[in-house]
Every structure is written in structure tokens, then in C-alpha cells.
Protein chains: 2
Amino acid sequence: MSVIQISVNQKTFIKDPTSSDLGRRIVSQGIESMNTLGFEQFTFRKLGSEIGSTEASIYRYFESKHKMLLYFISWYWNWTDYRLSLALTNVESADDRLKRAIHLLTAETKEDGNFLHVNETKLQRIVIEESSKAYHQKFVDEINKEGVFSDYKRIVETIADIILEINPTYKYPHMLISTVIEGTHHERFFADHLPRLTDSLKGEDSIECFFQQLVHDTIQK
Amino acid sequence: MSVIQISVNQKTFIKDPTSSDLGRRIVSQGIESMNTLGFEQFTFRKLGSEIGSTEASIYRYFESKHKMLLYFISWYWNWTDYRLSLALTNVESADDRLKRAIHLLTAETKEDGNFLHVNETKLQRIVIEESSKAYHQKFVDEINKEGVFSDYKRIVETIADIILEINPTYKYPHMLISTVIEGTHHERFFADHLPRLTDSLKGEDSIECFFQQLVHDTIQK
DNA sequence: ACGATAATGATAGTAATACTATTATATTCG
DNA sequence: CGAATATAATAGTATTACTATCATTATCGT
């Protein structure tokens with residue numbers, strides 16, 4: 001049941017896709033199609049035909065497929081930020097909070113079914129595989145000004161604060177967390193496609209273990 | 001003086017661009033243009049007109065602009081591998097070897113002028129900003145089969161071995177090194193465009209310091 | 001129930017891109 | 001010096017990303 005409201009950055013869409021049935025179909029099938037086709041093969045024409053609509057109709061919701069990707073990414077980080085605050089409520093010890101935060105960032109996402117029109121697992125794959133294409137662009141500074149990355153930054157800030165609580169003298173808390181986030185994505189990708197760049201051990205989520213230990217040892221006094 | 005020969009993966013080009021004057025101009029101005037325009041705005045037509053040649057001529061050297069990017073990346077990692085082996089010769093202590101290797105990977109590149117037709121600094125910017133576009137593709141497994149990433153893998157392997165020499169029980173040496181390599185690229189990009197995701201301190205190369213300390217603390221017994 | 005307003009569908013069109021093909025003209029090499 | 005090869009010039013194709021136009025359908029206040 002869709003009880004929680006995800007607030008996606010307004011600049012990523014023209015018309016709010018959650019406001020109509022068509023809009024929700026666009027998002028839902030958009031995630032599906034971008035996931036299977038990959039960002040470059042994905043087109044609004046293909047998406048239109050899959051939902052029995054047209055290119056032109058989709059353009060009324062999203063300015064471009066690039067903006068649509070930013071919408072997905074913004075949705076993902078807002079959702080992650082929400083789950084992070086849930087995971088940290090009522091947890092007293094800073095060590096515990098940090099461990100839970102790293103777990104949330106590094107463990108694989110399972111669908112939680114709270115959002116009927118969003119498949120979170122497929123969305124995560126899109127974020128892992130495509131999000132670098134969203135910001136490695138000449139116009140990154142403009143989209144940043146529009147606040148598209150603010151949830152990402154807030155997450156980094158939140159966890160950086162926990163690190164400073166544990167070790168106030170640690171000099172690079174933001175770098176450490178952004179490295180964990182980006183690193184998780186890379187290592188998941190490498191595990192699937194370039195396994196010689198990784199180390200996977202049976203019976204554990206190596207990626208999570210690797211980062212938990214790394215963070216723990218790096219910030220110790 | 002171009003004394004060292006960089007051996008780029010053969011599958012990335014149709015005709016070896018080092019074999020002719022036109023070829024070298026294509027590479028040289030290609031790096032220049034891809035660096036300033038960004039991968040998506042860069043086209044063979046534009047490049048052609050800049051070197052007083054044509055689209056069709058460039059296509060005789062490179063199958064596509066995507067393959068050209070792979071050529072640049074392959075060149076970069078082969079060059080890095082060469083510099084790495086230089087940096088490690090005659091260094092006995094494993095701790096020292098590791099420190100030098102991390103330095104090489106994380107410090108900013110200055111042109112070394114060994115290759116007249118390649119501007120290494122601009123090439124590094126391309127690798128940082130565009131290389132994710134080269135492998136985050138549906139056909140990544142095919143280009144991997146063709147050995148395009150073998151130099152990257154060799155570098156990771158070399159340094160993983162040093163880590164195991166220092167601590168044979170450390171479980172994730174490959175992950176650690178690939179995280180350092182990718183992380184350096186991200187953090188350099190963030191420092192320029194999303195500084196709130198980083199921590200930069202005056203009077204030091206924070207990125208190198210961060211990763212040196214991280215590696216040191218993570219692999220300790 | 002009715003008309004206005006907005007949302008969608010159908011269709012066409014444009015400029016740019018990523019290539020391919022063809023032919024003419026240089027260049028080089030045996 | 002002639003043959004092969006490399007390059008230039010030009011044109012053409014399919015696809016893409018997006019815009020424009022107009023007809024149709026659903027929604028909503030009265």
C-alpha cells in the first residue's frame with residue numbers, strides 16, 4: 001500500500017507523473033524498459049508503444065529521457081534517505097548507527113512493495129548502471145544547482161555526522177561515505193561483469209563485509 | 001621523444017592510428033575535442049573538420065566513437081601499467097611498493113611529454129569523466145572478452161599481490177584496489193562539481209592522503 | 001445534462017547523428 | 001613509373017530526440 005510519499009525533485013519533470021494513471025504507467029514501464037534496454041537503447045517511442053501511448057504524451061511529463069533518468073535517481077535517493085532515517089530511529093549508539101547505515105547502503109535491495117508503480121530492485125539496477133551517465137555531463141553544474149543531488153548530499157551529511165561522533169578527529173568523513181556509496185555500485189557491477197576486479201566469497205555478502213570492515217578500520221582513532 | 005611504445009588493444013581500432021600522420025592527428029585532436037566537448041557532443045564530423053579531414057577518413061581508423069573512447073582508455077591503462085612497473089622497480093619493501101602504487105593511482109597526472117600526440121592530462125580527464133560510459137553498456141561482456149580491460153585487471157592484480165605480501169590474510173585485495181581506482185576518479189570529479197561530497201584540505205592532496213590512509217588502515221593485520 | 005477545460009492520441013515533420021557507399025584524387029612503394 | 005593504397009569530397013540512409021498540429025476523449029463545475 002502506498003502510504004509513504006516520495007518527494008522527487010520538481011525540476012526533473014514537467015507534469016507530476018504520480019498525478020495520473022498515464023503518468024504512473026510511464027514511470028512503472030519506464031523503469032522496466034530502461035532496465036532491460038539500457039539507457040542508450042531506451043527511447044520514448046518504444047516506451048510509448050509499450051504502454052499503448054505515444055512519444056508526444058510522454059514528453060508532456062518529461063522534458064527528455066535524460067530528465068526521466070534524473071527523476072528515477074532523485075526518487076531512489078529520496079527513498080533511500082527515508083529508509084535511512086527509519087533505520088536509525090531509536091538507535092542510540094553511534095557505532096550501531098554507523099553499522100546500520102553502511103548496511104543500508106551496501107546490501108542488495110529487495111523490493112519492499114510499498115510503491116505499486118515502482119519496482120525498487122530494478123530501479124536500483126538503473127541507479128547502479130546508468131547514474132554516472134546522468135551526472136558525467138557538461139551540464140552537471142546546472143542540474144546540481146536545481147537541487148537534483150540534494151538527497152544524495154543529505155545522506156552523506158547524515159552519515160558523516162555519525163562518523164564525527166565516533167571519531168571527531170577523522171578528516172575525511174564525506175569522502176569516505178561517497179566512496180562507499182559509489183564503490184558499492186561499482187563493485188556490484190564488477191561482480192557481474194568483471195569479476196577479476198573483485199573478491200567474492202561464498203556464504204557472505206562480500207561487498208557489504210568489505211565496506212563494513214573498511215569503514216570501521218579507517219575511522220578508528 | 002617517443003621512445004616507449006604503448007601497446008593498445010588491437011580490437012579497439014581498424015587501422016593503427018600510430019602508423020600514419022593522419023592517424024596521429026586523429027588521436028591527438030580526438031583527445032583534445034572529446035575532452036572539451038564531452039563524449040556525447042563529440043562527433044567524428046566535428047573532429048574531421050578540425051583536422052582538415054573528413055568523417056569517412058576517421059571511420060577507416062575507428063569503427064565508432066565508442067571504440068575510439070575504448071582506444072583512449074586502453075592507451076591510458078597500458079601507460080599506467082608501464083609507469084607502475086617503473087615506479088616499483090628496485091623497491092624492496094612491500095610497504096614502500098604499496099605506497100608508491102597508491103601514489104601513482106591517486107595523484108593527479110602531469111604531462112610527461114613522452115608521447116607527442118597524446119596529452120596525458122587531458123587523457124586522464126577523459127578517463128575520469130567518460131570511462132563509465134564505455135563499460136556501462138549492454139555489450140560490456142563482449143568488449144571484455146576482447147580483452148579491452150586486461151591492463152586494468154593486470155594493475156589490480158599486481159597491487160593485490162603486494163597487499164597479500166603485507167597481509168596474507170586480508171580477504172578483499174582486488175576490491176580494495178578497484179575501489180581506490182574508481183574512487184579516485186569519483187572524488188576528483190566530485191571535488192570539481194559536487195564538493196559537498198568531499199573534504200578538501202588546504203596544502204595537501206586530500207584525495208591521495210585519504211586513500212593512502214584508508215588502504216594502510218584497512219589491510220593492517 | 002452541458003459546455004468548458006484539460007489530457008491524451010494520431011500523425012507529421014525537423015535537425016542532428018552515426019554511420020555507409022561511391023567516386024575522384026593524391027601518395028607511396030616495389 | 002605504374003600499381004596499389006590512402007585520403008578527400010560528396011551524397012545518402014536509418015534512427016533519434018524532439019516539436020508542432022489537430023482531433024478526440026475524459027473531467028468537472030454548474
Side-chain angles (χ1 to χ4, degrees), chain A residues 11-30 33-34 36-72 117 126 130 133-134 136-139 142-143, chain B residues 11-30 33-34 36-72 117 126 130 133-134 136-139 142-143:
Chain A
K11 302 281 182 152
T12 59
F13 55 81
I14 296 169
K15 182 183 169 174
D16 185 354
T18 63
S19 70
S20 75
D21 181 60
L22 178 63
R24 286 183 295 269
R25 268 154 56 223
I26 288 171
V27 168
S28 176
Q29 183 62 40
S33 298
M34 199 183 285
T36 53
L37 296 173
F39 184 68
E40 14 283 304
Q41 314 307 317
F42 169 82
T43 69
F44 279 2
R45 181 159 299 176
K46 289 175 188 169
L47 174 56
S49 87
E50 267 172 87
I51 59 175
S53 181
T54 62
E55 221 181 344
S57 300
I58 300 169
Y59 273 104
R60 284 189 202 101
Y61 287 86
F62 294 102
E63 202 181 307
S64 65
K65 73 167 174 175
H66 189 268
K67 281 281 169 85
M68 186 184 242
L69 175 57
L70 288 177
Y71 178 90
F72 292 163
H117 63 296
I126 291 173
E130 319 291 359
K133 295 165 196 169
H136 278 128
Q137 295 283 159
K138 287 290 163 186
F139 47 83
E142 280 132 62
I143 61 177
Chain B
K11 302 280 182 152
T12 59
F13 55 80
I14 296 169
K15 181 180 169 175
D16 185 354
T18 63
S19 70
S20 75
D21 180 60
L22 179 63
R24 285 184 295 270
R25 266 155 55 223
I26 288 172
V27 168
S28 176
Q29 183 62 40
S33 297
M34 198 183 285
T36 53
L37 296 173
F39 184 68
E40 14 283 306
Q41 314 306 319
F42 169 83
T43 70
F44 279 3
R45 180 159 299 176
K46 289 174 188 167
L47 174 56
S49 87
E50 266 172 87
I51 57 174
S53 180
T54 64
E55 221 180 342
S57 299
I58 301 169
Y59 274 104
R60 279 187 212 101
Y61 287 86
F62 294 102
E63 203 181 304
S64 65
K65 73 167 174 175
H66 189 268
K67 281 281 168 84
M68 185 183 245
L69 175 56
L70 288 177
Y71 177 90
F72 292 162
H117 64 296
I126 292 173
E130 318 291 359
K133 295 165 196 169
H136 278 129
Q137 296 284 159
K138 288 289 163 187
F139 46 83
E142 280 132 62
I143 59 177

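Sequence lines set the chain letters: A, B, ... in the order given, protein chains first and strands last, and positions in each chain run from 1.
- Annotation: of the two residues near DNA chain D, B:Leu22 and B:Arg45, the 5′-most nearest-nucleotide partner is B:Leu22.
- Side chains of A:Ser64 and A:Tyr59: no donor on one and acceptor on the other come within 3.5 Å.
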(request) Quick one: do A:Phe42 and A:Leu47 satisfy side chain to side chain contact (heavy atoms under 4.5 Å, CB included)? Show the steps, please. (result) CA-CA 8 Å; A:Phe42 169 82; A:Leu47 174 56; 3.8 Å; yes
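- With rounding to whole Å, A:Ile14 atom CD1 is found 15 Å from C:dT8 atom C1'.
- Between B:Leu37 atom CG and C:dT17 atom C1' there is a gap of 14 Å when expressed in whole angstrom units.
- Between A:Tyr71 and A:His66, the ring centre distance reaches or exceeds 6.0 Å.
- Within the 3.5 Å criterion, the main-chain N or O of A:Phe44 finds no donor-acceptor partner in the side chain of A:Glu55.
- The main-chain N or O of B:Lys133 is never found under 3.5 Å from a side-chain atom of A:Lys133 such that the two would form a donor-acceptor pair.
- Note on B:Lys138 versus A:Glu40: no salt bridge recorded, every NZ/NE/NH1/NH2 to OD/OE distance being 4.0 Å or above.
- With B:Lys67 contributing its side chain and B:Ile14 its backbone, the two residues share no donor-acceptor pair below 3.5 Å.
- Of all nucleotides in DNA chain D, those with any atom nearer than 4.0 Å to a heavy atom of chain A start and finish, going 5' to 3', at D:dA17 to D:dA20.
- At C:dT8, one or more side-chain N or O atoms of A:Lys15 fall inside 4.0 Å of OP1 or OP2 (strictly under the cut-off).
- Remark: the backbone N or O of A:Ile51 is paired with a side-chain donor or acceptor of A:Arg25 at under 3.5 angstrom.
- Contacts between residues 52-66 of chain A and DNA chain D, counted as heavy-atom distances below 4.0 Å, involve A:Glu55, A:Ala56, A:Tyr59, A:Ser64, A:Lys65.
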